[in-house]
Each structure stands twice: as C-alpha cells, then as structure tokens.
Amino acid sequence: MTELDLLIKNVRLVRHDADDLPTTDIGVKDGVFHRIAPDIPSSEAREVVDGKGLHAFPGVVDAHQHWGIYNPLADDTATESRACAQGGVTTALTYMRTGQYYMNRGGSYEEVFPLVLAGSEGRSHVDYGFHLAPMQKSHIDEIPELISRFGVTSFKIFMFYGSHGLHGRSADQNSFLMIPPEERYDLAHFEFVMRGVQAAREKHPEFADAVSLSLHCETAEIMTAYTRLVEEEGRLDGLAAYSASRPPHSEGLAVTVASYLAAETELPNINLLHLSSRKAMDSAMLMAKTFPQVDFRREVTIGHLLANIETASGIGGKVNPPLRPQDDVDALWEHLAAGNVDWVVSDHACCKEEKKFGDPRSDVFAAKSGFGGTEYLLPGLAGAARAHGLPLQKVAELTAETPARRFGLPTKGRIAEGYDADLALVDPSRSWTVDAAASESTQEYTPLQGLEIGATVESTYLRGRQVYADGKVSGEPQGRYLARPTSR
C-alpha cells in the first residue's frame, strides 16, 4: 500500500540533540516528516530518492536577511530566495523598516506592511517571515496589532542610527528615517520600544514566548568620532579603515546599554545581533551574568566567521558591524565552540555593483554597507566546523533548531515526525571554491571570492518538494509567508 509521497533512503541523520549520525530513511507525507526509520520499503512511496549516504540536515532557518533593501522587494524575493535554496536555507526571516531604502516610505505599518506582503507574495522559493523595526512613536502602539493580525512576533532596534545613516554619517536623521520632525530615534525611543514590546507580550500571553526584540548594537557617538579620526589620520584604508571607524568597544558599549535597558523595562527576550568582535562577545557574556532574568540570545554571521579585513575580497566586504581582524574572528569561533552563540545567520543583503561602490570606487566610506551570503551559510559552517571543534549536531542547532524555537516556528528546525519536511542533503567532505558567478543571487561579487568551502549542499527540500538539486533551483516558487507563531 502506498503511504508516502516521498521516501529518501540511506542518509545520515543530523540531529541537534544527539552525537551520533544514524543511517536511516526519511518518509514524507502531505509536506511533513511522516516516518523516520531504517529500511522503509520503497513500495510504500510514490517517489523514492537515493540519499547516497549524504548527511541530512534540517532545513536552515536563516533568521537574519534583508530582502528589498537595495532592490525592489518583489525582485529580491524571487532571486535571493533562490540563493537560499542553493545553500540549504528553507526559511528566511528578513528585516524590514520604514524610511529610506526598503519600501522607501514612512508612515504606519498598517499602511506599509500590507504592501510588504503583497510585494513578496507568490515569489519566494522558500518559506519566509518578517521582523519589523518600530521607527517612530506611533509604531510602538501598533505592536500588538502586528502580532495578532499579521503574525509578526519579532522586532528590531538599530542603535547606531542615532547620528548615522545606513552607510555612515547622516546630517538629517529625520529625513533618512522618514519620521516626524519633532521625534528622535535615540535611547529614549529604544526604551519605549522595549516597554511597548513587553506590554504586547503581556497583552498576548499566548504568544509571549515567541515575541522578542533584536538589537543592532553599535554606539552612534563613538562611531561618529572615530570615523572622523580615521579619515583625518589617513593611515588606514579599505576594510581596515572601516573596522577602525566602528571600533569593537562601540559594540561592547551598546550591548551594555541595551542590556541595562532590557532589565529596566523587564523585557526578557533580547537578541543581540551579528556580534563581530571579542569585546562585543565579552560584553554580551558579562551582561548575561549581570542580568540573569533576561534571556539573551547571541547571534554571529557566517561572513564574520569566514572572512577578515585582510582575506575579504575588496571593499565589497563593507558591512555593519564591520568585518574584523583575525583575532576577533578567532574569538567568535572560540565562543561558538564554548556554546556561547545561539545561532549563525547570513545577514544577506544583496547589493549589486552599481549601488555598492561609490566614487572613487576604492573609498570604503563611499561604498554601501552589506552583502549577500545565504548560499554559503550551511556549507560554510559545516565545512569549517571540524577544524574549530564544532560537532555537526551543533551546526544543526545553530542554523535550525534554536532560531526556529526563538522566532515562533514550532514546525521548523528539526528532522522529526510531524515537522515540516524541510531538509538539506549535504556532502560533508566535498569541497569547492566560492565564485560569485555561480551564485543564484543577483549580486555580482562576494567578499568570500576564492575561499574554499569544505562541504557541499547537494539538494534542498521544502515541505517535501525538491527545490534545489544538481546545482540548479527547480520548480515554481512554493514558499509561504509564515504568520508567527506558526501552528501544527
């Protein structure tokens, strides 16, 4: 009797909570994992795939992307979701705000967010959701409605926008952020956002565990002063100059301030985004000890793990916070191995050459910030894991299990019966060399150009449908918007 829609035979199962890699078969029915066991008869499935002993990782939940930041949202949804599938990512959570870039408009989320949903609908090759940033006072009042009506359960503060724009100094904050002229995007606003998120958690206790606030931790005043110093001294250029202009103690100070405010406002669910330096991680660990009542989660990006200011391929590696010297990269890996990092993400922000580089092209301060990289997330982390003492089950935890639990995705993050049938088949020993021309992203360059990646994603499945195999994305877009918290 045919019971299964899909049967993948002979794979090594990677689980976040087990050291062994058992050989098993995986049966899928109606888009969910239906049966996981050795030696399931092929006669019980409509379609049978030979897993060839590959490692079966849970589909990656890339919890930090930026669709629509430099290109129209509809375009990025179509193309950058292809890059997701290429890298084993089956769920993308992308940050969105009002102001310049993104939708390039101000106003209420009641007006703007339906446009976001419309712009992305029917175009993604992977499942997706959105984090939103309350940029003005009225947005704080909208938080409960964003949770209950739209299923947005995660919010963001960009601490460095105090006197900086997206790429550097900003002379007119209100115009850049498109907020009312009498308002300021400053520490007081950050405090009131925290109070607003906590009030929403109390208003919707059934959703409270899934509601959290993420922070980009850099200190605007420190960055402004050090940018001036670096430019006036003129000793540094390129990525070294940019790192010095946004020094690690700026991150550490911002982490400290944000953590104190979280404790003051009694908001327990705080995510510290893309920590890039030893000082930032040290500050984050100290704050966790200082305020044990706050459930801090610490995030690191694959770009900050695989590149530094010397190895990155040119100023295309400009990003906020900056790529750092190798000592900071070593510190991030040390904290990963010690279990101090909760998830690893791409911070994918496709920025094509025509927008990325300024005039002159060699001036890092004239370049735009951010680059893509979701296609390198799983293979990059899995491929480098052994050399850094990171077990493969920890890779599954960092890329799938923990972000799924934190961000209200109880059907994602595990290869287990009853979960969405999202998985990536990975060859852990087949290496390859990064070439931007081979990426599904429309970004023509990558700071990882020429880097050897030690593992290969052979195929990706979204809810039991193969969306990537043999080096190609296949089929029409099947990705769904995920109103969180999702339900079984």
Side-chain angles (χ1 to χ4, degrees), residues 58-69 73 76-77 80-85 87-97 102-103 109 113 116-117 119-121 123-134 143 146-147 150-158 197 207 209-216 269-274 297-303 341-350 370 372-375 377-378 397-414 419-420 422 424 441 460 462-463 477 479-486:
V60 172
V61 178
D62 189 350
H64 192 150
Q65 296 200 20
H66 297 271
W67 295 355
I69 182 172
L73 176 60
D76 262 3
T77 303
E80 305 317 294
S81 68
R82 295 175 66 89
C84 290
V89 174
T90 52
T91 300
L93 299 180
T94 182
Y95 284 93
M96 184 66 57
R97 62 163 173 78
Y102 299 96
M103 302 304 286
Y109 278 119
F113 195 61
V116 172
L117 295 177
S120 53
E121 185 177 6
R123 300 182 65 82
S124 179
H125 289 268
V126 301
D127 288 351
Y128 62 98
F130 293 97
H131 315 280
L132 293 179
I143 290 174
L146 289 169
I147 295 170
F150 294 111
V152 176
T153 60
S154 45
F155 303 89
K156 184 177 183 179
I157 288 170
F158 300 83
V197 172
F207 299 147
D209 287 345
V211 175
S212 65
L213 180 66
S214 299
L215 293 106
H216 180 136
N269 290 351
I270 294 292
N271 313 311
L272 302 174
L273 302 183
H274 45 43
R297 301 298 174 95
R298 294 169 289 274
E299 173 188 283
V300 170
T301 82
I302 194 65
V341 174
D342 292 283
W343 53 77
V344 178
V345 297
S346 69
D347 196 1
H348 185 96
C350 174
T374 189
E375 62 269 50
L377 173 51
L378 178 57
E397 179 182 333
L398 289 164
T399 62
E401 164 67 16
T402 310
R405 301 290 80 75
R406 180 60 148 193
F407 291 112
L409 299 169
T411 66
K412 304 290 188 183
R414 301 180 187 178
Y419 282 73
D420 288 359
D422 302 343
S441 171
T460 305
L462 175 68
R463 286 179 275 104
R480 300 173 181 170
Y481 171 68
L482 303 171
R484 297 174 286 138
T486 55

Checklist entry - Where the side chain of Asp76 meets the backbone of Trp67, is there a donor-acceptor pair that is under 3.5 Å apart? => result no
Next on the checklist: Any non-hydrogen side-chain atom of Gln65 less than 4.5 Å from a side-chain atom of Thr374?
Outcome noted: yes
Item to check | side-chain contact (heavy atoms from CB on, under 4.5 Å) partner of Lys412, the single match among Thr90, Thr486, Asp127 | outcome: Asp127
Checklist entry - Can you tell me how far CG of Leu215 sits from CG of Leu273, rounded to the nearest 0.5 angstrom? => result 7.0 Å
Checklist entry - What heavy-atom pair brings Arg406 and Ser212 nearest, and what distance separates the two atoms? => result NE-CB, 4.1 Å
Checklist entry - Hey, are the side chains of Ile143 and Pro134 touching, using non-hydrogen atoms and a 4.5 Å cut-off? => result yes
Item to check | Closest non-hydrogen atom pair between Val341 and Trp343, with its separation | outcome: CG1-O, 3.5 Å
Item to check | side chain to side chain contact (heavy atoms under 4.5 Å, CB included) between Met103 and Met96, worked out | outcome: CA-CA 8 Å; Met103 302 304 286; Met96 184 66 57; 4.0 Å; yes
Checklist entry - Do the side chains of Tyr95 and Ser214 get nearer than 4.5 Å, heavy atoms only? => result yes
Checklist entry - Which heavy-atom pair separates Pro403 from Ala63 by the least distance, and what is that distance? => result CB-CB, 4.1 Å
Checklist outcome for this item: Here the pair of heavy atoms bringing Ala349 nearest to Ile69 is CB-CG2, 4.0 Å
Next on the checklist: With ring pair (Phe, Tyr, Trp, His ring centres under 6.0 Å) as the test, pick out the partner of His64 among His348, His274, His216.
Outcome noted: His274
Checklist entry - Are any of the side-chain heavy atoms of Pro58 and Glu401 separated by less than 4.5 Å? => result no
Checklist entry - To the nearest 0.5 Å, how far apart are CG in Asn269 and OG in Ser154? => result 11.0 Å
Checklist entry - Any side-chain heavy-atom pair from Phe130 and Leu117 closer than 4.5 angstrom? => result yes
Next on the checklist: Assess the residue pair Tyr102 and Val116 against the criterion (side chain to side chain contact (heavy atoms under 4.5 Å, CB included)); give the C-alpha distance rounded to whole Å, side-chain angles, the decisive distance to 0.1 Å, and a yes or no.
Outcome noted: CA-CA 9 Å; Tyr102 299 96; Val116 172; over 6 Å; no
Checklist entry - In terms of ring plane angle, is the pair His131 and Phe407 parallel, tilted or perpendicular, where the classes change at 30° and 60°? => result perpendicular
Item to check | Least distance between heavy atoms, Val126 atom then Leu462 atom | outcome: CA-CD2, 3.9 Å
Item to check | Check against side chain to side chain contact (heavy atoms under 4.5 Å, CB included), Asp347 and His66 | outcome: CA-CA 7 Å; Asp347 196 1; His66 297 271; 3.0 Å; yes
Checklist entry - Going by heavy atoms in the side chains, are Glu80 and Thr94 under 4.5 Å from each other? => result no
Checklist entry - Taking atom CD1 of Ile270 and atom CZ of Arg298, what is their separation to the nearest 0.5 Å? => result 12.5 Å
Checklist entry - So, do Phe150 and Leu132 sit near enough that their side-chain heavy atoms are less than 4.5 Å apart? => result no
Checklist entry - How far does OG of Ser346 sit from CD1 of Ile302, to the nearest 0.5 angstrom? => result 9.5 Å
Checklist entry - Cys350 and Ser441: which non-hydrogen atoms are nearest, and at how many Å? => result SG-OG, 3.8 Å
Checklist entry - After noting the C-alpha distance and the side-chain angles of Thr402 and Leu398, does the key distance pass the side chain to side chain contact (heavy atoms under 4.5 Å, CB included) rule? => result CA-CA 6 Å; Thr402 310; Leu398 289 164; over 6 Å; no
Checklist entry - Would you call Tyr128 and Ser81 a side-chain contact if the rule is heavy atoms closer than 4.5 Å? => result no
Next on the checklist: Using 0.5 Å steps for rounding, measure from the OG1 atom of Thr399 to the CG atom of Leu377.
Outcome noted: 6.5 Å
Item to check | Distance, nearest 0.5 Å, that separates CG of Leu482 from OG1 of Thr153 | outcome: 10.5 Å
